[in-house]
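Please read the structure below before turning to the comments.
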Amino acid sequence: MEELEIVLQNINILKNFYIEDEWKQKMNLLVDKIINAKKIFVFGVGRSGYVGRSFAMRLMHLGFNSYFVGDTTTPSYEKDDLLILITGSGKTESVLIVAKKAKKINNNIVAIVCESGSIIKLVDLTIQLPIKKSNYLPMGTAFEEMALIFLDLVIAEIMKKLNLDESEIIKRHCNLL
C-alpha cells in the first residue's frame, strides 16, 4: 500500500505543480515549440525511452512529423526541428551525446528530467518534474510514471490549443491489425 501512496502523492504534486505560473509558462513554451517545429524528435533510454516512444506516437496521431531517435525510419535532424529528451538523472551518457549532436544544428532542445544533471547545459528548456521517490518504486519508476502523465497533459494542451478531438487521433491510428 505504501507504494500506491507514493504514486498518489506524486500525482498530487504534479497537480499542484501544474497550476503554478512558472509551470504553466514552461508547459505553454513546450506546446508552442512542438506546434512550430517542422519535425519533432524524442529520445530517452530504457523505460524513459518507452515513455518517449509513447509520446512520439501520440504526436504522430495528432498529425505531427514525430520520430524516436534511433528508429530505422528516423530522418535527419535539421535547423527547424525540435528535440525532446527524457532522462531522470539528467546525465545519461547516450542522451548527452544526442543533445550535443543536436546542439550543433540548433538550440531547440527540451529536457524532461527528475534531477537536473549536466543536461541543463545543453538545452534551452528544462522541465524538472518534482518527484517523491521510494525504495518500493525502484530506480526511475516514479519519474517514468510522472513523465508519462506529464506528456499526456502536453498532448491534451496541444489538442485544446489546436481545437482537436479524439477523432483526429483515430484517423491516424493503425488500422491494419
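Numbering starts at 1 and runs along the sequence shown.
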Side chain to side chain contact (heavy atoms under 4.5 Å, CB included) against Glu78, all qualifying residues, sequence neighbours excluded: Lys38, Lys39, Asp81
Donor-acceptor pairs are to be reported for all side-chain atoms of residues 119-127 against protein atoms at under 3.5 Å, with residues two or more places apart or in another chain.
from, atom 1, to, atom 2, distance (Å)
Asp124, OD1, Ile109, N, 2.9
Asp124, OD2, Lys33, NZ, 2.7

Check: Thr92 side chain, Ser94 main-chain N or O, donor-acceptor pair, under 3.5 Å: no
Verdict with supporting geometry, Thr87 and Ser48, side chain to side chain donor-acceptor pair (under 3.5 Å): CA-CA 6 Å; Thr87 170; Ser48 293; over 6 Å; no
Evaluation steps, side chain to side chain donor-acceptor pair (under 3.5 Å), between Ser66 and Arg58: CA-CA 9 Å; Ser66 60; Arg58 283 289 185 241; over 6 Å; no
Joint hydrophobic cluster, Leu129 plus Tyr50, side-chain heavy atoms closer than 4.5 Å: no
Side chain to side chain contact (heavy atoms under 4.5 Å, CB included) evaluation trace for Ile86 with Phe143: CA-CA 10 Å; Ile86 303 165; Phe143 168 72; 3.8 Å; yes
Connected via hydrophobic side-chain network under 4.5 Å: Val45 and Leu83: yes
Short side-chain donor-acceptor distance under 3.5 Å, Lys103 and Asn107: yes
Side chain to side chain contact (heavy atoms under 4.5 Å, CB included) involving Asn163 - partner list, sequence neighbours excluded: none
Donor-acceptor under 3.5 Å (Gln128 side chain, Cys114 main chain): yes
Ile97 reachable from Val110 in the ILVMFWY side-chain graph, under 4.5 Å edges: no
Polar contact flag, side-chain donor to acceptor under 3.5 angstrom, Ser167-Asp165: yes
Partner set under salt bridge (charged side-chain N to carboxylate O under 4.0 Å, His left out) for Asp80, not counting sequence neighbours: none
Shared-cluster residues of Met57, by chain and number - hydrophobic side chains joined below 4.5 Å: Met60
Partner set under side chain to side chain contact (heavy atoms under 4.5 Å, CB included) for Met159, not counting sequence neighbours: Leu62, Ile155, Leu164, Ile169
Carboxylate-amine/guanidinium proximity below 4.0 Å for Lys26 and Glu22: yes
